[in-house]
Amino acid sequence: MRNNELAEALYKYLNDDINSIYYCGEADEFCDFMKSDIKCAEAPDGYIVKDNQILIFEHFEFDCYKNNKKGSAARNEDARVARNFEECKPLGQQDFTLLQDKIDANSSLQYYLDNVISNFENHVKKIPRYIENLRLQGVLNEGMQVKVVFLIEDTSPLGAVVYNGVNMQGVVLSRYKQFLDFYQEHKEVNYILACSEVGNIRSCWLINYNSLDEYYKIIENYDDMTFIGFRPEVVGFAKLLSKK
């Protein structure tokens with residue numbers, strides 16, 4: 001695979017150190033596909049051809065922060081902090097200075113749900129174009145069976161976390177009833193790879209549309225829990241280096 005966002009996401013969550021996919025129900029067909037090489041592309045992000053079938057990959061990111069026309073508030077804040085750090089220089093006779101800032105944006109469980117649904121719907125609309133692009137490239141031939149997988153990556157800084165009165169836990173799409181209810185209306189997406197990270201713990205869930213009933217058996221009542229809103233602190237320093 002050449003370097004693109006799909007390849008980076010797959011390597012982040014499925015590599016030599018992290019190679020577990022959690023799932024309920026049936027996963028054999030998807031695992032058979034994954035034994036073949038993924039070809040990275042543009043619109044869609046990638047695909048696998050196996051016998052008379054093609055599995056189309058599309059990757060997108062979302063987070064639990066408020067979104068507007070400029071995108072995620074958390075990403076905008078992160079970009080602002082990065083610009084400030086780049087422009088900061090030591091003052092006076094000092095050869096270094098300490099920098100401190102924070103990601104000042106509002107987050108919530110509702111933003112989490114709204115953002116993933118909005119992104120999902122936008123990418124579903126593009127599926128016919130992905131299929132047509134592969135036809136024009138000669139990859140998708142007449143009579144081939146098309147299947148679609150969305151690799152959905154939660155990029156919330158520090159993760160999307162709730163407190164159930166005893167423990168804190170990360171929110172995952174595979175156990176979120178409201179998201180599963182939404183997914184039931186979109187059978188054109190055969191699989192979801194739901195990837196997330198809380199602290200330094202990464203997880204990857206496979207959700208098979210044909211096995212959705214199994215996921216309803218493990219749902220968590222996230223809406224009845226306390227959402228933990230993070231405003232991450234960012235610390236760094238700038239140092240003048242001698243030219244000698």
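In what follows, residues are counted from 1 in the order of the sequence shown. This one's a predicted model, so the numbers in the text were calculated from it and none came from an experiment.
- Below 30°, between 30° and 60°, or above 60°: for Y112 and Y176 the angle between ring planes is between 30° and 60°, a tilted geometry.
- Summarising the geometry of A7 relative to C40, their closest heavy-atom pair is CB-SG, 4.2 Å, with the distance given to 0.1 Å.
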- Apply the test side chain to side chain contact (heavy atoms under 4.5 Å, CB included) to residues I48 and I54: give CA-CA distance (whole Å), side-chain angles for both, the deciding distance (0.1 Å), then the verdict. CA-CA 6 Å; I48 295 174; I54 185 168; over 6 Å; no
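- You'll find the side chain of L206 stays beyond 4.5 Å of the side chain of Y22, heavy atoms only.
- Annotation: side chain of K66 is not in contact with side chain of N115 (no heavy-atom distance under 4.5 Å).
- Scanning both residues, W205 and C24, for their nearest heavy atoms gives CZ3-SG, 4.2 Å.
- Side-chain contact between V149 and V189 is absent, with no heavy atoms from C-beta onward closer than 4.5 Å.
- Checking Q145, E29, K50, K147 one by one against L55, the side-chain contact (heavy atoms from CB on, under 4.5 Å) holds for a single residue, K147.
- Counting only N and O atoms by type, the side chains of Q184 and Y209 include no donor and acceptor under 3.5 Å apart.
- Judged as a salt bridge (charged side-chain N to carboxylate O under 4.0 Å, His left out), and not counting sequence neighbours, the contacts of E153 are K12.
- Inter-residue side-chain proximity for Y215 and K177 is flagged as unmet; no heavy-atom pair is nearer than 4.5 Å.
- Results of the side-chain contact (heavy atoms from CB on, under 4.5 Å) test with N190 over N208, V148, V146, I207 single out V148 as the only residue that passes.
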- Query: Would F179 and V116 satisfy side chain to side chain contact (heavy atoms under 4.5 Å, CB included), going step by step from the backbone distance to the final call?
  - Reply: CA-CA 9 Å; F179 177 74; V116 69; 4.0 Å; yes
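- Listed here is the closest heavy atom pair of F57 and M34: CZ-SD, 3.7 Å.
- When all heavy atoms are compared, the tightest approach of E26 to D28 is OE2-N, 2.6 Å.
- Side-chain contact between F62 and F120 is absent, with no heavy atoms from C-beta onward closer than 4.5 Å.
- Across all non-hydrogen atoms, the minimal contact from L6 to L151 is CD1-CD1, 3.9 Å.
- Annotation: Y216, atom OH; neighbour count of heavy atoms from other residues, nucleotides and ligands within 6.0 Å is above 12.
- Here the side chains of S203 and V172 are in contact, with some heavy-atom distance below 4.5 Å.
- Between F150 and H186 the shortest side-chain heavy-atom distance does not fall below 4.5 Å.
- A salt bridge between E214 and K217 is present, with a side-chain N of the basic residue lying under 4.0 Å from a carboxylate O of the acidic one.
- No more than 12 heavy atoms of other residues, nucleotides or ligands sit less than 6.0 Å from atom CD1 of I201.
- Heavy atoms from other residues, nucleotides or ligands lying under 6.0 Å from OH of Y130 number more than 12.
- In summary, the side chains of Q178 and D223 do present a donor paired with an acceptor at a separation below 3.5 Å, with no hydrogens or angles considered.
- Y191 and N210 share no donor-acceptor pair across their side chains, judged by distance under 3.5 Å alone.
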